[in-house]
Amino acid sequence: MSQVRAIGVGLFAGREPRLKARAPEHGALGWYTEMSEPQAAGEAAVKRAPALSWADVGSREAALVRLCAAGDEGACAQLVETHQRMVFHLAWHLLGDQDEALDLSQDVFLSVFRTIGRFRGQSALRTWIYRIVINQARNRHRWWRRRHRGDQVSLDEHLAKHGDFPALTDAAAPDRVLGRKEQAARLWAALGRLPFEQRTAVVLREIDGLSYEEIAGSLGVAVGTVKSRLTRAREALRNQLKEARAS
Amino acid sequence: MIPRRCWAIRRDLSAFQDGELPVKARVAVQEHLRECPACAVEARELRELGDALRAARVTGG
């Protein structure tokens, strides 16, 4: 039961684990065998980011991965503790919804523990987990778009759902703070209108601070693809913001 | 009408801002921005977009 307990720490404390333990013959990782595989990126990649070997992954990380694969409870808890905020915030930025992000985060760790035995250090563990988050977020995004196409989110709704913007609240005059909050809400709306792959590239670069190579590894595409997606995404965002200011 | 040289530079501005251009291309962009006010404005707006995105990130949870 180690993994189920492991995801009951930190952000997930108090949330009901959604997968039930299965018969012992499935082994320590048996719960996860019904989860879907992390999928390849949707866009055809002409050239993949260079693969790493176990030698490239830190020895501590490699040891942690092996312990998790063996079902070690403490190691699983440590992995969750280390990566849960990154997973949750990335999911939140990609989906634009806190509850969905929390829900997806649990699915991500279930998928991580189900497949970690096959992780061979082909990328940093963080990049590998990013990829799982992105693939699951992409699937949910498609589902959400089909059902909520055309929905508009007001600033009030946005703030009610997401809370305040902590980075905008200090050391500025109230009218400037309001202006920046309105701009932040416009940015969120503009991000939401971007194609998922462009939005992901922007979030990974501007908010998570990943390099092009790390983004390429997380998305399973060539570095050149990352560059062009970011260029297109930023141009689209700037145009949308200009239109919003003009209207 | 945007000059052809400016188009080429603007195509690289995003990667320039991210520090992801090779040295030669980076130097070319830097030199162009010193002499072209219109492209310098483009570069500044890109920087401001990045600042705004980081300011708008969510940190709760």
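Naming convention: chains lettered A, B, ... in sequence-line order (proteins, then strands); numbering from 1 in each chain. Note that the structure is a prediction, hence the values are computed from the model and not measured.
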(request) Go through L46(B), D51(B), D18(B) and name the one with the most non-hydrogen pairs under 4.5 angstrom from chain A. (result) D18(B)
(message) Is V226(A) close to chain B through its backbone or its side chain, or both, or neither, when contacts mean heavy atoms under 4.5 Å?
(response) neither
(request) Would you please test Q17(B) and R205(A) for side-chain contact (heavy atoms from CB on, under 4.5 Å) and show each step? (result) CA-CA 11 Å; Q17(B) 174 183 297; R205(A) 175 61 214 166; over 6 Å; no
(message) Heavy-atom cut-off 4.5 Å, strictly under: side chain, backbone, both or neither for L230(A) against chain B?
(response) both
(request) Nearest 0.5 Å please: distance from the OG1 atom of T231(A) over to the CG atom of L13(B). (result) 9.0 Å
(request) Taking only Lys NZ, Arg NE, NH1 and NH2, and the carboxylate oxygens of Asp or Glu, determine whether R238(A) and E45(B) approach each other closer than 4.0 Å. (result) yes
(request) Supply the atom-to-atom distance I207(A) CD1 to L53(B) CG, rounded to the nearest 0.5 angstrom. (result) 6.0 Å
(request) Before accepting this row, confirm whether a basic side-chain N of the pair E206(A)/R57(B) lies closer than 4.0 Å to the acidic partner's carboxylate O. (result) no
(message) Which atoms of S211(A) are under 4.5 Å from chain B, going by heavy atoms: the side chain, the backbone, both sets, or neither?
(response) both
(request) Any chance you could measure K227(A), atom NZ, to L21(B), atom CG, to the nearest 0.5 Å? (result) 5.5 Å
(message) Report which part of E42(B) has an atom under 4.5 Å of a heavy atom belonging to chain A: side chain, backbone, both, or neither.
(response) both
